[in-house]
Amino acid sequence: MEYNFQQIEKAAKEFWQEQQVYKVSNESSKPKYYVLDMFPYPSGAGLHVGHPLGYIASDIFARYKVMKGFNVLHPMGFDAFGLPAEQYALETGQHPAVTTEKNIARYKEQLNNIGFNYDWTREVRTSDAKYYKWTQWIFVQLFQSWFNRKTQKAEKIESLMELFNKEGNASNPAPGDDTLSFTAEEWNLKNEAEQRAVLMQYRLAYLDHAEVWWCEALGTVLANDEVVNGVSERGGYPVEKKKLSQWFLRITEFADRLIDSLNNLEWSEAMKEMQRNWIGKSEGASVKFHLSPAISKGEEDASGVIEVFTTRPDTIFGVDFMVLAPEHELVNEITTAAQQAEVEKYVAYVKSRSERERQAEKKISGCFTGAYVVHPFTGKEIPVWISEYVLAGYGTGSIMAVPAGDDRDHAFAKHFNIPVTNIFGDLYNGEAAVSDKNVTIQNSEFISGLSVKEAAAKVLAALEEIGIGTRKINYRLRDAGFSRQRYWGEPFPVVYKGNVPYIINEAGANLPEAMQQLPLELPHVENYKPGPEGEGPLANIADWVMVTNNDGEILKRETNTMPGYAGSSWYFLRYMDNGNEETFASQNATDYWNQVDLYIGGTEHAVGHLLYSRMWTKALSDLGFLSFDEPFKRLVNQGMIGGSSRLVYRISGTNKFVSAGLKDNYTCDEIHVDVNIVDGVQLDIERFRQWREEYANAEFLLEDGKYICGSLLEKMSKRYYNVVNPDDVVAEYGADTFRMYEMFLGPIDVSKPWDTKGIEGVHRFIKKFWRLFNDEQTGWKVTDETPIDAELKVLHKTIQKIESDTERFSFNTAVSQFMICVNDLMDLKCNKRAILEPLVQLICPYAPHIAEELWKQLGNEGSIIHAPFPQWESKYTVENTKVYPVAINGKSRTELEFDLDADPAFVEKEVLANPVILKWLDGKEPKKFIYVKGRMINVVI
RNA sequence: GCGGGUGUGGUGAAAUUGGUAGACACGCUAGACUUAGGAUCUAGUGCCGCGAGGCAUGGGGGUUCGAGUCCCUCCACCCGCACCA
């Protein structure tokens with residue numbers, strides 16, 4: 001019987017479907033294990049062979065854990081809201097719900113084709129109202145919470161209101177506005193709107209004003225990466241910044257916890273570093289420098305201060321000048337009349353430069369303002385400059401420049417001839433700043449001779465004493481924008497009474513009962529054009545936007561929608577209990593499944609999704625809804641699969657193509673050709689002629705009768721014609737071959753190119769595996785003979801290797817081991833059930849379809865999915881002799897076999913009597929004899 | 001610039017604690033079977049050399065009886081952040 005994968009795989013899939021073998025229960029006496037794949041966005045392009053890499057790995061691991069006796073949750077669902085569907089709707093008029101549905105159906109078909117063990121009864125879709133009801137609900141929880149810095153936890157907003165009642169906000173400054181200060185009496189005198197305005201400065205989901213890119217010509221708001229060089233990427237229209245009222249998540253309050261708890265996660269160091277860098281915590285001091293009244297613009301500014309943030313307070317005696325960002329609000333105030341013209345000119349110059357220009361050419365530029373500040377310790381006057389190298393958005397937008405200790409400050413000082421104060425003694429040579437932190441501070445009054453750390457502490461104490469400095473921690477992380485001016489996303493369950501936002505079920509809104517319920521469904525629209533003034537398309541539906549409450553007041557709904565990461569920040573929780581209508585997931589379910597034990601996905605979500613999910617989990621945990629505060633215990637990053645493009649060479653100006661080996665003789669144009677009409681590097685000329693009309697009459701210059709293409713490694717992308725669809729590969733070789741080949745390509749975390757040709761080796765292996773059981777002519781050939789030791793040894797060594805390789809995600813070497821095993825059994829002509837049956841169980845996680853078929857042929861009832869993973873026995877894997885490599889001076893020269901417990905003196909005698917060794921000794925006495933038991937033997941001469 | 005990672009045959013890659021470098025495949029070469037071969041099977045395949053042998057894990061240096069693996073140094077490439085005070 002021949003290996004007919006189409007038939008075998010179809011039958012296996014139908015059997016799984018019928019028997020519901022992948023259905024997972026929340027009730028089990030087995031230990032649990034949660035394997036999660038990253039949430040796919042169902043794009044119109046479908047999957048290419050790079051996408052399933054991680055899915056295959058997680059599927060293998062999930063199946064392995066099942067066979068090892070775990071209750072395994074391995075779900076799949078779709079991140080179904082998002083911009084591309086809306087963009088497509090704008091272009092074609094098709095409703096996003098329709099195209100999304102279609103794309104999901106296609107994705108599911110492609111996924112099922114590969115034979116994954118998903119429990120589809122747990123599928124979730126973010127665009128489903130039953131799902132986004134809970135996305136909205138979590139938003140409400142965040143709105144009704146604040147972050148208590150003392151407990152480092154999210155708490156209900158009521159606990160904050162109680163504190164205000166008792167003591168004002170003295171001990172709980174507002175994260176949204178640190179100048180806000182009031183007493184209990186003042187709090188109680190505020191009316192509802194005023195109180196709510198205060199609370200807004202604390203809420204974890206809050207409303208603030210933020211700038212977006214507004215494009216008048218397109219009538220829409222653009223994302224940062226849709227704006228290139230100050231114009232829209234599409235169409236090249238001018239864009240301007242527009243201030244809109246937008247929702248934010250106060251993720252910055254969680255910054256410390258997000259950094260600290262990284263230590264308990266099994267993530268790659270690279271991933272953790274990316275998160276740490278993104279959060280960008282730096283510890284230092286905030287220092288206020290008083291403007292010098294003598295030179296400042298007028299006496300009335302005498303009390304003005306420039307506040308800076310520095311991580312090096314120890315260098316304060318090396319401050320030679322101050323630098324403000326050109327956009328800094330003080331610039332106008334402090335500039336002297338004499339410098340006015342020059343400063344204006346410089347500010348105008350900076351404004352004319354785009355972000356890109358500023359980043360591309362880093363020439364030194366700046367301008368003196370004419371103002372001075374006073375050094376807090378020496379009383380020296382320090383000039384204040386402006387320069388674009390200081391960023392308005394980081395710290396306070398101003399720095400104290402220490403040229404002796406900072407490269408940029410040093411370059412600036414040299415460029416403008418500002419004298420440099422040396423605070424590092426001989427270490428500073430006048431040519432380059434000393435950025436080393438392992439130094440002794442000198443020439444610095446009360447901190448001279450101290451280390452950086454000691455000096456910093458002393459300076460801080462001194463600054464605090466005179467009241468102009470405090471210890472300060474600064475973060476690069478910004479609060480996350482949570483509003484999108486789009487249609488295809490979750491609507492906010494928010495109404496505005498005047499300018500004051502209320503959740504639809506808050507008493508203050510006083511909406512009719514029926515309007516207070518979640519979900520607030522996304523209304524159907526007929527067109528997806530943006531609303532007026534940068535608002536989302538929902539703003540166009542007047543009768544949806546305007547609602548009348550029980551007091552007869554007209555309230556306005558929020559017309560923005562939530563961003564893509566809203567739904568994906570908590571989807572892993574919904575899988576645990578996706579049908580629940582009472583809560584996002586029952587406490588029982590979340591307690592049982594707990595953290596995701598293994599999360600596999602790409603690095604592209606390093607600082608977006610993975611950071612937001614962590615914050616949401618922490619908040620939900622703090623508020624008592626979850627018993628864990630980190631979502632993903634172990635994270636494995638899959639590498640990308642690159643495309644291997646194929647090129648043909650057309651002699652310029654002709655329709656004649658030359659084979660790669662001859663192309664250097666002509667002037668040629670390189671043209672990408674569809675990889676699917678090339679076998680390896682050999683072009684299928686007929687299909688090429690059919691590929692495009694213009695090539696129908698193409699001529700060819702061949703080598704050895706073949707047209708050989710050039711090849712190039714690039715991203716797998718439509719525009720390079722190098723996209724390989726898994727469906728095609730599965731149709732030609734079967735899903736089992738495809739799965740094993742993807743794993744065989746190399747380590748899971750390394751990026752590598754796709755090479756369709758290489759799959760044949762794996763396909764041959766599967767066929768050989770099949771032939772251990774079935775002969776193409778004579779049929780079934782498995783016998784019940786008793787296996788010999790050599791066969792048992794092959795089996796048990798393979799079990800041992802597959803187990804350890806699977807445990808450490810070394811799937812490529814596991815596939816190799818299967819190949820070695822089959823080659824060995826072929827050589828041994830082994831067709832014995834006692835060997836082959838455990839082998840079928842062993843390969844089941846990797847090649848589930850063929851395993852299911854052979855399991856049946858072996859006469860077993862039920863699915864192999866429920867069979868255990870085989871156990872290896874050490875009596876078959878432990879050797880009692882060893883073929884030792886025998887080396888002379890570390891170079892192997894021969895091999896000799898000894899018992900593992902051989903007497904060293906005996907070994908030495910035998911080795912030194914060996915003819916090969918004698919030849920190398922050439923009559924000399926060995927200087928040293930090294931015998932490492934079980935490893936090797938080395939003779940030193 | 002900073003941080004992280006990777007450099008091994010023509011290609012994808014193995015080598016788990018310092019112990020036979022290149023397992024397993026692709027490709028290539030030769031052969032067998034065959035109407036045919038893009039099926040299957042056999043043998044060979046790091047480089048130099050007729051051979052003995054020598055040289056080989058990005059380059060250079062070191063530790064060691066022994067280094068792809070450890071240390072120092074330089075180089076190249078990839079990823080992330082990027083005038084972050």
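The figures that follow rest on heavy atoms only: side chains count, while hydrogens, waters and symmetry mates do not. Each chain gets a letter, A, B and so on, in the order its sequence line appears, and its residues count up from 1.
When the nucleotides B/G53, B/G3, B/U20 are ranked by their closest atom to the side chain of A/Asn277, B/G3 comes out on top. Relative to the side chain of A/Ser282, the nucleotides B/G4, B/A85, B/U40 differ in distance, and B/A85 lies closest. For A/Met819, counting side-chain heavy atoms from C-beta on, the closest listed nucleotide (B/A85, B/A25, B/G53) is B/A25. The side chain of A/Trp278 sits closest to B/C81 out of B/C26, B/C81, B/C24. You'll find that the side chain of A/Asn823 is closest to B/C24, out of B/C84, B/C24, B/G54. Nearest to the side chain of A/Ala270, among B/G4, B/G27, B/A25, sits B/G4. Among the nucleotides B/A39, B/C65, B/C41, the one closest to any side-chain atom of A/Ile930 is B/C65.
Remark: B/A32 base-pairs with B/U40. Criterion, Watson-Crick or G-U wobble with two distances under 3.5 Å. The partner of B/A82 cannot be assigned: no Watson-Crick or G-U wobble pair with both contacts below 3.5 Å exists in any strand. Using Watson-Crick or G-U wobble geometry with both donor-acceptor distances under 3.5 Å, B/U11 finds its partner in B/A25. Across all strands shown, B/U69 forms no Watson-Crick or G-U wobble pair with both key distances under 3.5 Å. Of the nucleotides present, none pairs with B/G51 by Watson-Crick or G-U wobble criteria with both distances under 3.5 Å. In this structure B/C77 sits in a base pair with B/G5, meeting the Watson-Crick or G-U test at under 3.5 Å. Remark: B/U63 base-pairs with no nucleotide in the shown strands. Criterion, Watson-Crick or G-U wobble with two distances under 3.5 Å. As the counterpart of B/A56, no nucleotide is assigned, since no Watson-Crick or G-U wobble pattern has both distances under 3.5 Å.
With rounding to whole Å, A/Ile820 atom CD1 is found 6 Å from B/C24 atom P. Atom pair A/Asp314:CG and B/A85:C1' shows a separation of 13 Å (rounding to whole Å applied). The NZ-P distance, from A/Lys288 to B/A85, rounds to 21 Å in whole Å. Straight-line distance from the CZ atom of A/Arg276 to the P atom of B/C79: 22 Å, rounded to whole Å. To the nearest angstrom, P of B/G53 lies 13 Å from NZ of A/Lys891. What separates NZ of A/Lys927 from P of B/U64 is a distance of 15 Å, to the nearest Å. For the pair A/Met274 CE and B/C79 P, the interatomic distance rounds to 11 Å; values are reported in whole Å. When the C1' atom of B/C24 is taken as reference, atom CZ of A/Phe811 falls 17 Å away, rounded to whole Å.
A/Ile937 has its side chain within reach of A/Phe898: a pair of non-hydrogen atoms, C-beta onward, lies under 4.5 Å apart.
If you check distances only, the side chain of A/Asn938 does reach the base of B/C65 with a donor-acceptor pair under 3.5 Å.
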- Per-nucleotide protein contact along nucleotides 8-17 of chain B, 5' to 3', at a 4.0 Å heavy-atom cut-off (B base, S sugar-phosphate only, - neither), is ----BSSSBB
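Using cut-offs of 30° and 60° on the angle between ring planes, the pair A/Phe321 and A/Trp385 is perpendicular. Classified by interplanar angle (parallel below 30°, tilted 30° to 60°, perpendicular above 60°), the ring pair A/Tyr389/A/Phe412 is tilted. Ring planes of A/Phe809 and A/Phe811: perpendicular class, angle over 60° (limits at 30 and 60°). The aromatic rings of A/Phe738 and A/Trp754 lie tilted to each other, with the angle between the two planes from 30° to 60°.
The side chain of A/Arg771 places an N or O atom within less than 4.0 Å of a non-bridging phosphate oxygen (OP1 or OP2) of B/C41. Distances shorter than 4.0 Å separate none of the side-chain N or O atoms of A/Lys757 from OP1 or OP2 on B/G38. Applying the 4.0 Å criterion to OP1 and OP2 of B/G80, one finds that A/Lys272 has every side-chain N and O outside that range. Taking 4.0 angstrom as the limit, A/Arg476 places a side-chain polar atom (N or O) nearer than this to OP1 or OP2 of B/A82.
The cationic group of A/Arg614 does not satisfy the cation-pi geometry with A/Trp278, failing either the under 6.0 Å distance to the six-membered ring centre or the 45° limit from the ring axis.
Heavy atoms of other residues, nucleotides or ligands lying less than 6.0 angstrom from NZ of A/Lys752 number more than 12. Within 6.0 Å of NZ in A/Lys453 there are 12 or fewer heavy atoms belonging to other residues, nucleotides or ligands.
Contact annotation for A/Gln682: no contact, since no heavy-atom pair falls under 4.0 Å across all strands. Nucleic acid contact class of A/Val932 (heavy atoms, under 4.0 Å, all strands): base. As judged by a 4.0 angstrom heavy-atom cut-off over every strand, A/Lys933 is placed among residues making no nucleic acid contact. At a threshold of 4.0 angstrom between heavy atoms, the contacts of A/Glu273 are confined to the sugar-phosphate backbone, with no base atom among them. Within 4.0 Å (heavy atoms only), A/Asp409 reaches no atom of the nucleic acid at all.
Inspection of the A/Thr813 and A/Ser810 side chains reveals an N or O donor paired with an N or O acceptor under 3.5 Å. Defined by atom type and a distance below 3.5 Å, a donor-acceptor pair is present between the side-chain atoms of A/Glu897 and A/Thr881.
With its glycosidic angle within 90° of 0, B/G9 adopts the syn conformation.
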